[in-house]
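Notes follow once the structure below has been shown.
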Amino acid sequence: MNNLINSIPKHYIFDNPYQKLTDLVMNNNYSKVFLLVDDMTEKYCSPIFLHNTSAINIADIISIRSGEQSKSIENSEFLWEKLAEKGADRQSLLINLGGGMITDLGGFVASTYKRGIDFVNIPTTLLAMVDASIGNKTGVNLNHLKNQIGTLSPARLVIYDFDFLQTLSKKELRSGFAEVIKHGLIANKAYWNKLLTFVDILDDQEEMIKVSVAIKSKIVELDPAEQNIRKHLNFGHTLGHAIESFFYDNTDQKILHGEAIAHGMLLEAYLSYKTIGFKEKELLNLKEMIFKYFEIRAFTDADQKEVIDLLKHDKKNHNGQVQFVFLSEIGKAKEGQVVDESLIKDAFHFMNKS
């Protein structure tokens, strides 16, 4: 795993992170520095951040409500207006301190304000550390549909402080672990085999996070515009995003992003088994792991129809066809896969059987 970790690009900062951030601010002579947080990271994480960055003059702290509903065009407009009101110019810096919602939204706002200002991501959740903050994607949702509006814009730095993991609930940690599982499944069999031995999701947490950063950042480097291999990162996300949207619309039930992706990976692994020869043994290993770490919901026939209908809005669709990423084996994925609706229902039946 050391060779993988050594390949991590230099703008992902694990050693002396706050000093590296201070150096960036001082060396670039930014006119103003803004900090974006949500109500949770403002309470639990901003004191840690501010204590470690006392040499940086923060012009203003901008706070929004936590939760996926905040990743919206309306909040983008609110933040553009706030930046303008506070005198942000093209030489300003926006620091995004939070989970994937904050880094996605903050990156989008920064990349579009005055045609783009610099931004830094400081992920505070496991999900953001291993997924949302890696690469050059920013984005917001549109009418509860995931990441319909966005840009491809890299952060100047991504800062890692593992102490933030202590602020998370087990539920939030599990949500992030879903993306860790995905990285092993699509790209590295040795990593997957190691994950199978874990007793707890934070076994070897620092190495685990660094390996996931290495895997995803390498894929992004090879395919920054998502034309081929980067599409493999969408494994579990076609059905996963539809499931996330389904629960978003059902206000009496909520599901975290990683929980939805866990469902999506199991469903899409079953489809892989039925279509391109993914081994049944590996499918059952994955099912055991998913059921070990996640609360798997049962879907009625009506639920399944609603989820399948939501697939029509997936941004990866091509010529009206829903495009999936499937596994041919552990560590190898294939994009551009199409299946009949009846097979998707079979996958739900497989998942519903505990």
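It should be emphasised that the depicted structure is a prediction, and the values quoted were computed from it without experimental measurement.
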Short side-chain to backbone donor-acceptor contact, Q148 and K146, under 3.5 Å: yes
Within one Ile-Leu-Val-Met-Phe-Trp-Tyr cluster: V307 and V325, side-chain cutoff 4.5 Å: yes
Side chain Y12, main chain S217, donor-acceptor under 3.5 Å: no
Side-chain donor/acceptor of S7 to backbone N/O of A214, under 3.5 Å: no
Salt bridge (Lys or Arg N to Asp or Glu O under 4.0 Å) between D200 and K170, worked out: CA-CA 10 Å; D200 184 81; K170 278 288 187 181; 2.8 Å; yes
Check: N75 side chain, S70 main-chain N or O, donor-acceptor pair, under 3.5 Å: yes
Within 45° cone and under 6.0 Å: K82 NZ/CZ vs F34 ring: no
Step-by-step side-chain contact (heavy atoms from CB on, under 4.5 Å) determination, D161 to Y18: CA-CA 9 Å; D161 182 346; Y18 295 110; 2.6 Å; yes
Backbone of A242 reached by a side-chain donor or acceptor of S245 within 3.5 Å: no
Parallel, tilted or perpendicular, as decided by the 30° and 60° cut-offs, for the rings of F350 and Y270: parallel
side-chain contact (heavy atoms from CB on, under 4.5 Å) between V109 and L36, intermediate numbers included: CA-CA 11 Å; V109 167; L36 176 63; over 6 Å; no
I13 and its side-chain contact (heavy atoms from CB on, under 4.5 Å) partner, picked from I8, L24, L157: L157
Lys/Arg-Asp/Glu bridge criterion (N-O < 4.0 Å) met for D131, K216: yes
N/O donor-acceptor pair under 3.5 Å between N188 side chain and A190 backbone: yes
Salt bridge E259-K171, side-chain N to carboxylate O under 4.0 Å: yes
Polar side-chain atom of S54 near backbone of L50 as donor-acceptor pair, under 3.5 Å: no
Shortest non-hydrogen separation from S133 to N121 and the atoms involved: OG-CB, 4.0 Å
Hydrophobic cluster membership, L327 vs I290, 4.5 Å side-chain cutoff: yes
Approximate separation, where rounding is to 0.5 Å, of E244 CD and I255 CD1: 7.5 Å
Hphob cluster co-occupancy, L185 + F324, side-chain heavy atoms under 4.5 angstrom: yes
Single-linkage hydrophobic cluster, 4.5 Å side-chain cutoff, I102 and L127 together: no
Six-ring centre of F14, K210 cation under 6.0 angstrom, axis tolerance 45°: yes
Cluster check Y248, M101: I/L/V/M/F/W/Y, side chain < 4.5 angstrom: no
Side-chain donor/acceptor of K274 to backbone N/O of D346, under 3.5 Å: no
Cation-pi geometry met for R297 and F246 (6.0 Å, 45°): no
Reported CD-to-CG distance for the pair E42 and L97, which is rounded to 0.5 angstrom: 10.0 Å
Candidate pair K305 and D309, rule salt bridge (Lys or Arg N to Asp or Glu O under 4.0 Å), full reasoning: CA-CA 6 Å; K305 183 181 185 305; D309 286 344; 3.1 Å; yes
Polar side-chain atom of T167 near backbone of F164 as donor-acceptor pair, under 3.5 Å: yes
E226 bridged to K137 by N-O distance under 4.0 Å: yes
Ring-face cation contact, Y273 with K279, 6.0 Å cut, 45° max: no
Main-chain N/O of F299 paired to N352 side chain as donor or acceptor, under 3.5 Å: yes
